[in-house]
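Order of the sequence lines fixes the chain letters, A, B, ..., with proteins taken first and strands second; residue numbering starts at 1 for each chain.
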Amino acid sequence: MTPPELLDRLLEMHGPQDWWPGEDAFEIAVGAILTQRTSWRNAARAIENLRAANCLGIDALLRMGEGHLQELLKPCGFYRVKAARLTRFCRWLAAHGGFPGLGAMSTPALREALLGVHGIGPETADAILLYACERPVFVVDAYAYRLFGRLGLIDALAQRNYEVVRRRVECALGADSSSLSELHALVVRHGQTFCRPKPLCEQCRLRELCPSALPAHAAAVAGRGSHH
DNA sequence: ACCCAGGGTCATA
DNA sequence: TATGACCATGGG
């Protein structure tokens with residue numbers, strides 16, 4: 001199974017996902033930082049706190065005290081580190097002239113610059129690049145490692161290598177930001193519904209994606225018959 | 001009382 | 001290089 005085929009299958013199963021949930025580029029970037037190892041539900045609560053406090057903007061966010069910011073971020077967890085990360089990102093963004101100022105940078109240069117901001121790692125950087133800047137990069141997350149690994153789409157040796165997985169998908173799909181954003185959104189959706197950390201009986205769905213995946217578990221499911 | 005969630009950094013071996 | 005600890009809240 002190739003990434004384009006996977007995209008087609010996931011689209012059939014779940015339909016278009018309409019990502020990223022965010023009004024503008026800045027809000028999308030804020031969400032990318034706040035949802036680190038955190039459910040979107042909780043990240044959204046923190047974003048709504050910022051909006052209600054009229055602080056969902058680069059200048060307003062930089063003007064408020066760190067303590068106040070931490071209070072608003074509490075619902076999304078890790079609120080002290082996330083307040084610091086958000087502040088550092090805003091300072092960096094302001095120094096580059098906001099999102100319009102980023103347009104002059106090439107995608108590789110912009111990616112390196114984002115990775116240079118303390119608290120922004122590969123996944124957060126790529127989420128900002130793809131969904132806020134609409135650059136053609138693929139966002140690799142825990143769901144992607146899990147699903148790709150179970151599908152045998154990536155070899156076992158490279159299963160935890162971010163760059164290897166990212167390059168593989170980007171080469172297969174091409175520099176098409178809409179396909180790349182749709183695939184990442186679908187991988188998340190599929191992971192939240194069917195591709196759980198610990199295999200459950202919904203692996204029936206996984207077999208639809210790749211009949212040769214998980215032979216042992218597939219056999220167990222077949223032996224038990226259909227659930228649901 | 002567990003496990004999980006749209007990561008990243010730091011200390012240690 | 002590769003694990004483990006840590007950050008912290010909310011839902012199932």
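- Under a 4.0 Å N-O distance rule, the pair Arg45(A)/Glu48(A) does not qualify as a salt bridge.
- Considering only the side chain of Gln36(A), dG8(B) comes nearest among dA5(B), dG8(B), dG10(C).
- Rounding to whole angstrom units, CD1 of residue Ile120(A) and P of dT9(B) are separated by 9 Å.
- When distances are taken from the side chain of His118(A) to each of dG6(B), dC10(B), dA8(C), the shortest belongs to dC10(B).
- Residue Gln192(A) has a polar side-chain atom (N or O) positioned under 4.0 Å from OP1 or OP2 of dG6(B).
- Of all the heavy atoms in Trp20(A) and Ala127(A), the pair that sits closest is CZ3-CB, 4.0 Å.
- The interatomic distance linking Asn42(A) (CG) with dA5(B) (C1') rounds to 8 Å, in whole Å.
- Side-chain nitrogen and oxygen atoms of Arg80(A) include at least one within less than 4.0 Å of the OP1 or OP2 phosphate oxygen of dA8(C).
- In this structure, of dG11(C), dG8(B), dA8(C), it is dG11(C) that holds the atom nearest to the side chain of Arg45(A).
- Contact annotation: Arg146(A) side-chain N/O to dA5(B) OP1/OP2 distance is under 4.0 Å.
- A stacking contact links Trp40(A) to dG6(B): the aromatic ring centre lies within less than 5.5 Å of the base's six-membered ring centre, and the planes differ by less than 30°.
- Listed pair Thr124(A) / dG8(B) meets the phosphate criterion, a side-chain N or O lying under 4.0 Å from OP1 or OP2.
- As the counterpart of dT9(C), dA5(B) is assigned, both hydrogen-bonding distances of the Watson-Crick or G-U wobble pattern falling under 3.5 Å.
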